[in-house]
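Side-chain atoms are counted along with the backbone in the values below, which use heavy atoms only and exclude waters and symmetry mates. Letters go in sequence order (proteins before strands), and every chain restarts at 1.
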Number of protein chains: 4
Amino acid sequence: MAKKLWGGRFSKKTDPLVEEFTKSIQYDYKLAKHDVLGSLVHAKILAKAGLISQKEGKIISQGLSTIWGEIKSNKFVFDKNAEDIHTDIQNKLEKKIGVAALKLHTARSRNDQVVFDTKRYCVFEGAHIIKLIKKFMGEIDNFAGKNKNIILPGYTHMQHAQPVALKNYILAYKYMLKRDSERLSSALKRMNYPLGSGALAGTPIEAEVYNKAAKEISDEMGHPFFGTVENSIDNVSDRDFVVEILSALSIIGMHFSRLAEDLIIWSTKEFGFVEIDDAFCTGSSLMPQKKNPDTLELIRGYTGKLYGNLVSVLVTMKGLPLTYNRDMQLDKEPLFDSTETIKKELMILAKLIKGIKINKDKIYQQLKDESLYATDLIYYLVDRKIPFKNAHNIIGKLVKYSVENDIQIKDMPESLLKKFSDKFIKKEIVKLFDPLVSVKSKRSIKR
Amino acid sequence: MAKKLWGGRFSKKTDPLVEEFTKSIQYDYKLAKHDVLGSLVHAKILAKAGLISQKEGKIISQGLSTIWGEIKSNKFVFDKNAEDIHTDIQNKLEKKIGVAALKLHTARSRNDQVVFDTKRYCVFEGAHIIKLIKKFMGEIDNFAGKNKNIILPGYTHMQHAQPVALKNYILAYKYMLKRDSERLSSALKRMNYPLGSGALAGTPIEAEVYNKAAKEISDEMGHPFFGTVENSIDNVSDRDFVVEILSALSIIGMHFSRLAEDLIIWSTKEFGFVEIDDAFCTGSSLMPQKKNPDTLELIRGYTGKLYGNLVSVLVTMKGLPLTYNRDMQLDKEPLFDSTETIKKELMILAKLIKGIKINKDKIYQQLKDESLYATDLIYYLVDRKIPFKNAHNIIGKLVKYSVENDIQIKDMPESLLKKFSDKFIKKEIVKLFDPLVSVKSKRSIKR
Amino acid sequence: MAKKLWGGRFSKKTDPLVEEFTKSIQYDYKLAKHDVLGSLVHAKILAKAGLISQKEGKIISQGLSTIWGEIKSNKFVFDKNAEDIHTDIQNKLEKKIGVAALKLHTARSRNDQVVFDTKRYCVFEGAHIIKLIKKFMGEIDNFAGKNKNIILPGYTHMQHAQPVALKNYILAYKYMLKRDSERLSSALKRMNYPLGSGALAGTPIEAEVYNKAAKEISDEMGHPFFGTVENSIDNVSDRDFVVEILSALSIIGMHFSRLAEDLIIWSTKEFGFVEIDDAFCTGSSLMPQKKNPDTLELIRGYTGKLYGNLVSVLVTMKGLPLTYNRDMQLDKEPLFDSTETIKKELMILAKLIKGIKINKDKIYQQLKDESLYATDLIYYLVDRKIPFKNAHNIIGKLVKYSVENDIQIKDMPESLLKKFSDKFIKKEIVKLFDPLVSVKSKRSIKR
Amino acid sequence: MAKKLWGGRFSKKTDPLVEEFTKSIQYDYKLAKHDVLGSLVHAKILAKAGLISQKEGKIISQGLSTIWGEIKSNKFVFDKNAEDIHTDIQNKLEKKIGVAALKLHTARSRNDQVVFDTKRYCVFEGAHIIKLIKKFMGEIDNFAGKNKNIILPGYTHMQHAQPVALKNYILAYKYMLKRDSERLSSALKRMNYPLGSGALAGTPIEAEVYNKAAKEISDEMGHPFFGTVENSIDNVSDRDFVVEILSALSIIGMHFSRLAEDLIIWSTKEFGFVEIDDAFCTGSSLMPQKKNPDTLELIRGYTGKLYGNLVSVLVTMKGLPLTYNRDMQLDKEPLFDSTETIKKELMILAKLIKGIKINKDKIYQQLKDESLYATDLIYYLVDRKIPFKNAHNIIGKLVKYSVENDIQIKDMPESLLKKFSDKFIKKEIVKLFDPLVSVKSKRSIKR
């Protein structure tokens, strides 16, 4: 049985099944560096508060710094039998510096530590994700720039609607990502790393000591580091910050599932608008011709996982009385999983988009569909003083006639056109069936 | 069959089952006033753009203003057979002002309208919820003030942990609500009501016209009203703003489920810490003695609905290709339902908290539990230079001895205490078993 | 304030907000007929147990029968101010038969009633859904029969894979529905309507009386009606039967979302494999040419609601201590909503499928894609003793050559083919690029 | 880059990020033994069909049997760089038996393999879970038997309702588990392991060959092994069987969350009804007195994960067109995770329940609460011909008087009692305030 941070009052060993069931080291090892940082700050506070001597403070800090270095250089070997990362680091510190380590846990609790660690994880990984979003947004810009003259059919209900610039189509995703980034960013701003909550009731150290230590660390680090806790009970009890991140990541996943769907549909044989680079596709063990957009399918599919992770933490937190309950340990796997997933997806998409080949021929073939210009025909009539709803009705009938009689509007004689509206002048009408004319006539939007 | 905004090209009537299945008037009638406002703005734009005459613009505006008045005074009778609220209002406008109404739909689409309406609903209802949160936070402050001297056992894992001030306990919820309010508020800031997307591709009206109209309306209204759309495809395609609101409301619901659970547990016979006012309880049809905290139970239970609504929209949006798809109509019922639920809960909780009676006797009986002061005993030893982990171990054993021998620590002779640590001085120790002393000693937190 | 089934011990009126918040008549009115039936049975039991006289039993039964008739003929006007349907019916019974009604609630509780009513709702509606599934399965059979000779490209990863019979494609959905029906059916078999739980602890009436009454009713009704409760605490506490139904309905919704997606994709301009009948499509208020598959889009979209309803009840039930808690009232809206949704979707799909027009030309154009026959080329080599993995590799290279050099395999000279494998004999190879040959060669499956 | 089962037509290597992102060996290694079994059967079929020689069949079978033995004895080292378990096993087989292995993949596809493997996993693990449920049900029976004479307050709305036997309380969970087991069992019955789907279109081998092989294997194994596929497209496309299992496991988790909640509440200081054995509790790093019911809290908390896993697969499957899409690979992690979780919980609970100590004193103190007997007082009046609703009202007033005047009903003089009803005879009334009398009077339920 592994060494624990508690146990004095227990007369019986933990059941091995329970030890396995309750431990978290297998995932919370990811918090290691944040945990060490928290301990470094805490040691500083203990020394300031006189709860350890300056010398002890120094010994502890040196021990922690060594561990920090080991973690950074991947030399730290996690003890799979430790209850959690806090215990693992504490045990290793004891081995390194001996008795001084026994004082480090003064005036703190794992309840407090784990919130600190998890928030710092969120802030760091969140910032990383924001950077990856920016990078992907840049690639979207590049893609838009490279293909700025391409027009394709715009779809509503997956049916041909009106011609749109491919540039605008793809930039729609950039605007989604911009909000995604802002959403994440404002979630991170709501986070801080307060110290001094203890298990739930606070600690005997003056708030002022925490504040001073925080200030010093901010100066050292060059960015603000938060101090006293506002409400210690709230601090150890709540996980709304985890839910908020998971929700923001779910929304990103939702956006990506749509981008993936668009690209998957566009790369079907029938659409054929784009080709995804070999490097992002895989084949079939049976059908040798297959080149499947697996990467995009998995991005679409992982939406399930991202939503599931969000649901998981929401459910776990439902109805828990204050303050800390062990259930709350289960916030971490979903958080880590969604974070890793989105990071990978962003890195992959930023590369994938670069390799997309556009098949103009297939696209322009679709742009010949006259129905794409029906709205332009309405505006033609509206410009000639036909009330919109009447014009809508006229063009509806014209389209129906065209479909039922299998004749293109462009090919109808003027006399026939005039039966629908005497405003129609054939030589004017025919010019409207042009994707560029159509797109340019939409003056409400940026081009 | 009801009059529709489309149909020219159709040769067959909609199947009655389908008409029933696809219509949305039964819930989107809630968007009525926002829809009329959008139309008022649009009419102004059409006139500016010269697509309708000044006179037509005036007629339309007057018609819409009349409808607006009817909605405000609950005189507007929704047509249950209309396809949706946009159609209903358009049809009523036609009845009122005749032919001029036929021009209102120029250069716009329901895809665009519905985004405008829904965003404005979010902004208005969101602001209302923020106000209700503030009110409830005020009531929490009142409750905390009224009970500022009460101490109760603090719990972790639902077990006695350390004494805490009731004030701090309840204020934990205020801090949660503060973040809830900020979260909602930053979601609302990400929303605007852009015009000019048309169905997806933009409209023939210059962006400048939209901007000018927006500016004028801002001046009229005294608050900013947004103008040109940045990306029309994004604007009609995305519903991340709905998901973000539903997520923020789910988190509020999660917080409330915890408050409800706390109060329900505290009002059990066994705890007996509080009594909920009759006005918020109901009885049993069989057991006449019952006074059940039904209101709190339903608040706890509605968390399911709030989460379910979030999941519902996330799922609906998953994997939809751009741009608008009819699936997206299904964002509204969940949005409205969660909004209404949280509003009701906030109003009820603000009243309920006022009527809570505290049963000091039952609470103080629990504060006699010596184990609540075990951490204070550690600090006593730590102050006397025992390393924390050793002190933790000593007190663990002391507690175990106390439990197993059924003797209070307070009642142990000094000689016995000294067997655990020679630092123990009985007359000092006994003073520690005092809730006020314990709470005051936690100097890291506000009191 | 409405008349309630409780209240003796209360000194204060329920807060009007709370009355609104807690009542359920707005949705549980759907249980009316099941509630009356339960009361009829209960009255019979009371009489048998001697708790009411035979005469009272008769008066009550007559009163209830009248109400039953009113419900059946839609003449029963629900009292929107009643707390719930049980209260509403009780109040109406009192008005009808006076003092005898006051005895009906002897030895029962709403906790018990609501389980009875909800289970009976499930059993009845479940049976109805099973009937509708059968009907839809029949229509799938008809569709398959009508199109039994059509072959289309089969897809994996949305890419051309191998030719398949349209019949087999569509019958895949029939097999899903078959399991859906069996799943629902086995859920229903796990349900019964036990009586005698009271609020939680049972009633003073002998189990034997319940059993006898149940037997009599079974005989009257011609189908089994369940008797004594096995465990009264379980009976009033659990809602697993609701979750199970919601899960079964979610799976149906999942299947329908896939069918909808298939049909939506097939009815894009680019695929053009099918045309959905006008009666199941709607148009656009802006774009007169649009014919959108809205019905299918909503069926796809409602998956969100169905999943959300499942999540809702799962969450509500999470962590509730036994026995009945008011939270459990919130099982009904999701149950009713999912039930109604699936019923509508089944009715619509059974009609929609009849009106689907197949566009053979568009399909056969896609069948020309040689890559669909790559696996058949492998089997050609395998038959000629090339190990499968080698054959797979050879054909992979052949396909690659064909794509890169823009030459059809069919058009390659035998000399070129032989460079890939000397087994290739051109006149044999060319015969393989035939959808019918390909489909017929798959001898493992029914045709 | 790892060796793959495809690749002939690709000109570019897979991006390393993509390789990492798409592979599944890190979790699907759990399917290893099922995969080998499937291959053994497939080899037999190939030989029967003449696609490999008898000798080749034997070589392949021997190779696979060796691998099977390695897996069983944990000597099989999974190749972390393999794409998936199917590839890993295929590669190892090639190393072992050389060229014969190249023929094994004839007439099959990973699409087909993975369904076979996953279904067999479900059937085997499902059967294991059912066995564990039975074991836990047995322990519940033991617990009920051991404590058969203990009565405790029954709760509705967490308020004292009526006395119930502890035995019946705990047996309620047994009845839930019984349904859980049946639900799982009927899900498993809907599963089979059909062979011959190929990628989607079937294989060139006659259905009859599959059937014969299946029959032979059934005879060898002593239990039925399924044969020909009914619909190959359905077989490779659907994952309803995974969702159904995840739903059944979620319901078990829901039941456990309630049991956990009951036990956690009962082990609070305030209730104190039970004590959980040390072996299932953990302590605090700060508060040495703590003994926390962590195991139960985690069981309650894991409900989130179980629900999240269900949502995850439901979402992933939503809206996927037929047939196989790569998204479907993401069904496995949730399935494995929920399966492992429930297995662990069942093993732990079966042990935990044995160690529960009942604290009769604390329970019987609560049974003194007179309100628990209010319903018995009603039945007293009903027996004396007071209509139920009147009796309910009378006792309601009596309880209210008792509470407001702080006088026990037992202590009221008969004259006072008579003011509420002249039926009251004090010496009869006082006998009703007895838990055993109360429980025995509920004759509708088993004792």
Side-chain angles (χ1 to χ4, degrees), chain C residues 8-9 102-103 105-106 154 156-157 161-162 164 168-169 171-172 175 179 186 190 196 200-207 231-234 240 243 247 251 254 257-258 261-262 265 300 303 307 314 317-321 323-325 379 382 387-389 393 396-397 399-400 441-445, chain D residues 8-9 102-103 105-106 154 156-157 161-162 164 168-169 171-172 175 179 186 190 196 199-207 231-234 240 243 247 251 254 257-258 261-262 300 303 307 314 317-321 323-325 379 382 387-389 393 396-397 399-400 441-445:
Chain C
R9 71 154 284 185
L102 304 181
K103 297 195 168 177
H105 212 61
T106 316
T156 62
H157 309 257
Q162 295 179 276
V164 295
N168 284 338
Y169 198 110
L171 286 175
Y175 283 101
R179 288 191 299 279
S186 61
R190 262 186 288 293
L200 77 158
T203 76
I205 303 171
E206 287 289 347
N231 182 294
S232 60
I233 291 171
D234 171 40
D240 59 354
V243 176
S247 167
I251 295 175
M254 181 261 275
S257 77
R258 304 188 73 181
E261 179 80 358
D262 266 335
I265 289 175
R300 183 178 60 188
T303 320
Y307 291 6
L314 276 169
M317 293 305 294
K318 180 240 165 183
L320 288 189
T323 64
Y324 181 82
N325 297 280
Y379 289 135
V382 163
F388 175 83
K389 283 196 73 180
N393 200 33
K397 284 179 181 149
V399 168
K400 191 178 163 191
S441 73
K442 307 302 174 309
R443 290 186 292 267
S444 69
I445 59 163
Chain D
R9 71 153 284 185
L102 304 181
K103 297 193 169 178
H105 212 63
T106 316
T156 61
H157 309 257
Q162 295 178 276
V164 295
N168 284 338
Y169 198 110
L171 287 174
Y175 283 101
R179 286 191 299 279
S186 61
R190 261 185 289 291
L200 77 158
T203 76
I205 303 171
E206 287 289 347
N231 182 294
S232 60
I233 291 172
D234 172 39
D240 59 354
V243 175
S247 167
I251 294 175
M254 180 261 276
S257 77
R258 305 187 71 181
E261 180 80 358
D262 265 335
R300 182 179 59 189
T303 322
Y307 291 5
L314 277 169
M317 294 304 294
K318 179 241 164 181
L320 288 189
T323 67
Y324 181 82
N325 296 280
Y379 289 136
V382 163
F388 175 83
K389 283 196 74 180
N393 201 33
K397 283 178 181 150
V399 168
K400 190 179 163 190
S441 73
K442 305 304 173 306
R443 290 187 293 268
S444 68
I445 60 164

If you round to the nearest 0.5 Å, how far is OG1 of D/Thr106 from NZ of C/Lys389? 11.0 Å

Per-residue tally against chain C (heavy atom, under 4.5 Å) across D/Val399, D/Asn393, D/Ile251, D/Thr303 peaks at D/Ile251

Are D/Arg258 and C/Met317 side-chain neighbours, meaning at least one heavy-atom pair lies under 4.5 Å? yes

Would you call D/Asp234 and C/Arg179 a salt bridge, using N to O less than 4.0 angstrom? yes

Select, from D/Gly202, D/Pro321, D/Pro387, D/Ala207, the one with the greatest count of heavy-atom pairs under 4.5 Å involving chain C. D/Pro321

Output the option from D/Ala199, D/Ser232, D/Ser186 having the highest count of non-hydrogen pairs under 4.5 Å with chain C. D/Ser186

Which pair of non-hydrogen atoms, one from C/Arg443 and one from D/Glu206, has the smallest distance, and what is that distance? CD-OE2, 3.0 Å

Are any side-chain N or O atoms of C/Tyr175 and backbone N or O atoms of D/Asn231, one a donor and one an acceptor, separated by less than 3.5 Å? no

Under 4.5 Å heavy-atom distance to chain C, tell me which part of D/Tyr169 shows up: side chain, backbone, both or neither. both

In Å and rounded to the nearest 0.5 Å, what is the CG to OG distance from D/Leu314 to C/Ser247? 7.0 Å

Taking side chain as everything from C-beta outward and backbone as N, CA, C, O, which of these in C/Ile205 sits under 4.5 Å from a heavy atom of chain D? Side chain, backbone, both or neither. backbone

Residue part contacting chain C, namely of D/Tyr324, when any heavy atom lies under 4.5 Å: both

Given the options C/Asp240, C/Asn325, C/Val164, C/Val382, which has more heavy-atom pairs under 4.5 Å with chain D than any of the others? C/Asp240

Chain C interface, residue from D/Pro204, D/Ser257, D/Ala201 that has the most non-hydrogen pairs under 4.5 Å: D/Pro204

When you look at NZ of D/Lys397, are more than 12 heavy atoms from neighbouring residues, nucleotides or ligands closer to it than 6.0 Å? no

Looking at every non-hydrogen atom in both residues, tell me the closest pair between D/Ile445 and C/Gly196 and how far apart they are. CG2-O, 4.2 Å

One should read off an interatomic distance between D/Asp262 CG and C/Thr323 OG1, to the nearest 0.5 angstrom, of 9.5 Å

Using heavy-atom distances under 4.5 Å, tell me whether D/Thr203 contacts chain C through its side chain, its backbone, both, or neither. both

Could you check if a side-chain atom of C/Gln162 sits within less than 4.5 angstrom of a side-chain atom of D/Leu200, using non-hydrogen atoms only? yes

